[in-house]
Amino acid sequence: VITFGATETGQLASASVSAIAGIPNAVGYLHPGVKVEIVDQARRALPEGRSGEVRILFSGSAKGYLSEDPSAAGIFVDGWFYPGDTGSLTRDGILVIEGRTSDLVLNKGGFKTNPEKIEDMLKRSDGVADAGVISATSATGVPEIWAAIVPSGPFQREKLMKLFDTSLGGLAPDKIFKVDALPRNEIGKIRYNELREKLAALATLSK
């Protein structure tokens, strides 16, 4: 049995392994009384199958934290709990957890953007069939941006970097990896948690 929950809520979803074996990253059917919505970056509800930020409404969940830590701002809003997960809901009511909301924003040296902006620029470049971008941390603890590229033919790394220098300033990727394919879900969204693991393994091998 697979279960999903949080300290603030207790268990929220569960299922037998066999029932959800064909759905990558599925964590189960929602329990009775649990309401989950998937929302966009403006926190507007999205339809079934769309990926976004997960929010939870459940009478048994905590209503807030004892401490007034500024970092907790936005976690409890209008009765909703925002655990910091990204995911989607299937038509059958199965919750799929795909990653963390930190995947939705890249922050490097105070410059911020979303992965899609850099990915779109890469995909418009010669020799690039597909691209995925993640935030990462260097061996010395410095925030970096890593890009995975699926080549469609020869491409010049130096030419790509110059393109970023003129268009996105300090948000050029620090590392570029060639991969055969990007991990995507059933509706084509990049599974950033899987991509991060894949690039971390490639970075280790290249040392």
Side-chain angles (χ1 to χ4, degrees), residues 1-64 74-106 113-120 122-123 129-135 147-150 179-200:
V1 174
I2 293 175
T3 63
F4 173 78
T7 302
E8 295 87 347
T9 61
Q11 290 190 11
L12 300 167
S14 62
S16 65
V17 173
S18 59
I20 56 177
I23 306 174
N25 297 322
V27 296
Y29 295 91
L30 298 178
H31 290 178
V34 175
K35 182 178 181 180
V36 168
E37 287 186 347
I38 309 301
V39 298
D40 60 18
Q41 292 188 29
R43 292 189 165 175
R44 296 170 297 201
L46 295 169
E48 294 171 352
R50 292 281 301 277
S51 296
E53 182 177 7
V54 175
R55 70 178 180 186
I56 299 158
L57 188 65
F58 176 49
S59 61
S61 69
K63 306 305 178 186
I75 294 179
F76 295 95
V77 180
D78 297 330
W80 292 95
F81 170 58
Y82 292 81
D85 294 310
T86 61
S88 60
L89 280 170
T90 72
R91 183 174 300 175
D92 298 326
I94 297 172
L95 178 60
V96 177
I97 298 296
E98 299 170 352
R100 299 290 293 170
T101 52
S102 56
D103 296 330
L104 302 177
V105 178
L106 301 175
T113 189
N114 58 52
E116 288 84 358
K117 190 169 185 178
I118 298 178
E119 290 163 0
D120 289 344
L122 287 169
K123 286 186 285 188
D130 200 2
V133 177
I134 62 165
S135 57
I149 287 178
V150 180
V179 297
D180 295 329
L182 298 177
R184 293 183 179 273
N185 64 16
E186 291 81 0
I187 61 171
K189 291 288 187 179
I190 296 174
R191 298 187 187 279
Y192 287 103
N193 54 333
E194 293 182 21
L195 180 60
R196 182 172 286 104
E197 292 173 1
K198 183 173 187 175
L199 297 191

**Message:** Could you measure the distance from the NZ atom of K35 to the CG atom of L12? Nearest 0.5 Å is fine.
**Reply:** 14.5 Å
**Asked** Going by heavy atoms in the side chains, are N25 and I97 under 4.5 Å from each other?
**Response** no
**Asked** What's the shortest heavy-atom distance between F58 and K63, and which atoms?
**Response** O-NZ, 4.0 Å
**Request:** Decide side-chain contact (heavy atoms from CB on, under 4.5 Å) for D85 and F4; before the verdict, give the C-alpha distance in whole Å, the side-chain angles of both, and the deciding distance to 0.1 Å.
**Result:** CA-CA 12 Å; D85 294 310; F4 173 78; 3.7 Å; yes
**Item:** Gap between atom CD1 of I2 and atom OH of Y29 - 0.5 Å precision
**Value:** 11.5 Å
**Prompt:** Going from CD1 on I134 to CG on L195, what distance comes out if it is rounded to the nearest 0.5 angstrom?
**Reply:** 5.5 Å
**Complete:** Heavy-atom closest pair (V179 atom, A148 atom, distance to 0.1 Å) is CG2-CB, 4.1 Å
**Request:** Find the distance between CD1 (I149) and CG (L122) and round it off to the nearest 0.5 Å.
**Result:** 5.0 Å
**Considering all heavy atoms, the nearest H31-A13 contact** = NE2-C, 3.4 Å
**Message:** Is any side-chain heavy atom of R43 closer than 4.5 Å to one of V77?
**Reply:** yes
**Message:** Within the structure provided, determine whether R184 and I190 are in side-chain contact (heavy-atom separation under 4.5 Å).
**Reply:** yes
**Message:** Check whether D92 reaches the backbone of I94 with its side chain - one donor and one acceptor, N or O, closer than 3.5 Å.
**Reply:** no
**Request:** Of all the heavy-atom pairs spanning V1 and V17, show the shortest one and how long it is.
**Result:** N-CG2, 4.0 Å
**Message:** Any non-hydrogen side-chain atom of L95 less than 4.5 Å from a side-chain atom of V36?
**Reply:** yes
**Prompt:** Can you tell me if E119 uses its side chain to pair, donor with acceptor, with the backbone of V133 under 3.5 Å?
**Reply:** yes
**Asked** Which pair of non-hydrogen atoms, one from L199 and one from A147, has the smallest distance, and what is that distance?
**Response** CD1-C, 4.5 Å
**Item:** Check: V27 and T3 side chains under 4.5 Å, non-hydrogen atoms
**Value:** no
**Intermediate values then yes/no, side-chain contact (heavy atoms from CB on, under 4.5 Å), T90 and E48** = CA-CA 6 Å; T90 72; E48 294 171 352; over 6 Å; no
**Prompt:** Short question: side chain of R196, backbone of S135 - any donor-acceptor pair under 3.5 Å?
**Reply:** yes
**Prompt:** At their closest point, which heavy atom of T9 faces which heavy atom of F81, and how far apart are they?
**Reply:** CG2-CD2, 3.6 Å
**Item:** Note, V96 side chain near L89 side chain (heavy atom, < 4.5 Å)
**Value:** no
**Request:** Begin with the C-alpha distance, continue with both residues' side-chain angles, and end with the deciding distance and a verdict on side-chain contact (heavy atoms from CB on, under 4.5 Å) for V54 and I38.
**Result:** CA-CA 5 Å; V54 175; I38 309 301; 3.8 Å; yes
